[in-house]
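Letters A, B, ... mirror the listed sequences (proteins, then strands); counts begin at 1. This one's a predicted model, so the numbers in the text were calculated from it and none came from an experiment.
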Number of protein chains: 2
Amino acid sequence: MSSKAKTDQFIDQIAEIMREQGMRMTKPRERILRELYEASKPQSAEEIRQNAGFGPSDLVTVYRNLESMLSLGRVQRIILENGTQLFEWVEAEQHHHHIICRHCHHAEPIDFCAAHELESIAQRAGFSEINHVIEVFGTCKACEKEADPAK
Amino acid sequence: MSSKAKTDQFIDQIAEIMREQGMRMTKPRERILRELYEASKPQSAEEIRQNAGFGPSDLVTVYRNLESMLSLGRVQRIILENGTQLFEWVEAEQHHHHIICRHCHHAEPIDFCAAHELESIAQRAGFSEINHVIEVFGTCKACEKEADPAK
DNA sequence: ATGAGTGCAAATAGTTTGCAAGCTG
DNA sequence: CAGCTTGCAAACTATTTGCACTCAT
């Protein structure tokens, strides 16, 4: 199957989920999803806006849509150390964590998730609506070189 | 030892570390440290400003000092899901993680830290200046009741 | 045609920077 | 008294909200 076809399939899946929720598959939404799927790396709203070819004032639309896509289960959010949000698509029900470069957002999935331990600790403490965050931040080789070519 | 004395001891320790770094122990710094130590829970810059009795325009000072205190090793930062920063004091060399209420910032330390696994994964991936984040967010019992008294 | 979604403007929240004046060691 | 630190103003970044208009179903 071509890469193009895979993207279309991904978008169709989301369109289906959206319909079930009374949401509509619009042009902007399709562009955002296409960008998320094909870039296949976490990006900020502003990066997505630019890479998906939106104009400067369309940033609002990007934000609103990313937010509403989160609940569909195929887009997840990462918060950087400075508080900026990044978004990326995920395989159905396959949330995962990363080692991510704080400069260029280059990310590698890490095969480590303590969801079970963490959630049970939280339940025992009487918390509800539990969400766990595990991320590893660092500077990747490329960005390290850029900052200090001597290395 | 009285609670007052413990706080003073904590502040003296930090003053010592500051002196080594060429930093000075000033009135505002002492107030911030006292608040961090006595509240003993993560607080935002704005919360610290208010609770330590600073005026509205002193928020800058609070930010600047919290930032510079981070490197001293006795104050750590937590980033909430919305990107807001919280700060708390820590036992020397005793960084830890939390289950924390996203509404009132009530927090309980969790006895779980995969620093070793995570850092070695990151090193293998060629990253430097590695920092790991593990946090569990939820809604605590009190805040759940407040939002929905029926429960 | 009906209401979900968009786009532009404007507001907001959190945080940072510039600079003259103040205080600590 | 040198220079670290403060305080007030102002700038900035990321994100959100209001509202009239548009488009998908």
- Note on the structure: Whole-Å distance, A/N82 CG to D/dT13 C1', equals 10 Å

- Message: Test your reading of the model: is there a side-chain donor-acceptor pair from A/E135 to the backbone of A/H98, 3.5 Å cut-off?
- Response: yes

- Item | B/R19 vs B/L59, nearer the 5' end of DNA chain C by closest nucleotide | B/L59

- Task: To the nearest Å, give me how far apart CE (A/M69) and P (C/dG5) are.
- Result: 10 Å

- Take atom CZ of B/R77 and atom P of C/dG14, then tell me their distance rounded to the nearest Å. 16 Å

- Query: Starting at CD of B/E46 and ending at P of C/dT12, how long is that distance when rounded to a whole Å?
  - Reply: 16 Å

- Message: Given C/dG5, D/dA14, D/dC8, identify the nucleotide with an atom nearest to the side chain of B/D58.
- Response: D/dC8

- Message: Looking at B/F10, I'd like to know if the NZ or CZ of B/R74 sits under 6.0 Å from its six-membered ring centre while staying within 45 degrees of the ring's axis.
- Response: no

- Message: It should be established whether A/S44 places a side-chain nitrogen or oxygen under 4.0 Å from OP1 or OP2 of nucleotide D/dA14.
- Response: no

- Which of the following nucleotides, C/dG14, D/dG3, D/dG7, is nearest to the side chain of B/R24? D/dG3

Every protein N/O lying under 3.5 Å from an N/O of nucleotides 18-20 of chain D:
unit_1, atom_1, unit_2, atom_2, d
D/dG18, O6, A/R64, NH1, 3.4

- Got a sec, which hydrophobics cluster with B/Y63, joining ILVMFWY side chains under 4.5 Å apart, including via others? B/L59

- Could you check how far CD1 of A/I32 sits from P of C/dG7, rounded to whole Å? 9 Å

- Within this structure, what is the CZ-to-C1' distance between A/R29 and C/dA4, rounded to whole angstrom? 8 Å

- Per atom distances to the B/K27 side chain, the nearest of C/dT24, C/dG5, D/dT25 is C/dT24

- Item | Single hit among A/K41, A/E47, A/Q43 for side chain to side chain donor-acceptor pair (under 3.5 Å) with A/H105 | A/E47

- Hey, which sits more toward the 5' end of DNA chain D by its nearest nucleotide, A/M23 or A/L86? A/L86

- Message: Please determine whether a side-chain nitrogen or oxygen atom of A/Q85 lies at a distance below 4.0 Å from atom OP1 or OP2 of D/dT15.
- Response: yes

- Between A/V136 and B/A122, what is the shortest heavy-atom contact and its length? CG1-CB, 3.8 Å

- Task: State whether A/T61 places a side-chain N or O below 4.0 Å from either non-bridging phosphate oxygen (OP1 or OP2) of C/dG5.
- Result: no

- Message: Salt bridge check, A/E46 against A/R49: does any charged N sit closer than 4.0 Å to a carboxylate O?
- Response: yes

- Salt-bridged, A/E81 to B/R77, with N to O below 4.0 Å? no

- Query: To the side chain of A/N65, which of D/dG7, D/dA2, C/dT6 is closest?
  - Reply: C/dT6

- Task: Hey, which sits more toward the 5' end of DNA chain C by its nearest nucleotide, B/T26 or B/A45?
- Result: B/A45

- Note on the structure: Separation of C/dG14 atom P from B/F87 atom CZ, nearest Å, is 13 Å

- Message: In this structure, how many angstroms lie between the C1' atom of C/dG14 and the CD atom of B/E47, rounded?
- Response: 13 Å

- Item | A/Y63 vs D/dT15: side-chain N/O to OP1/OP2 distance below 4.0 Å | yes

- Query: Is B/N51 reaching over with its side chain to a backbone N or O of B/I48, donor-acceptor style, under 3.5 angstrom?
  - Reply: no

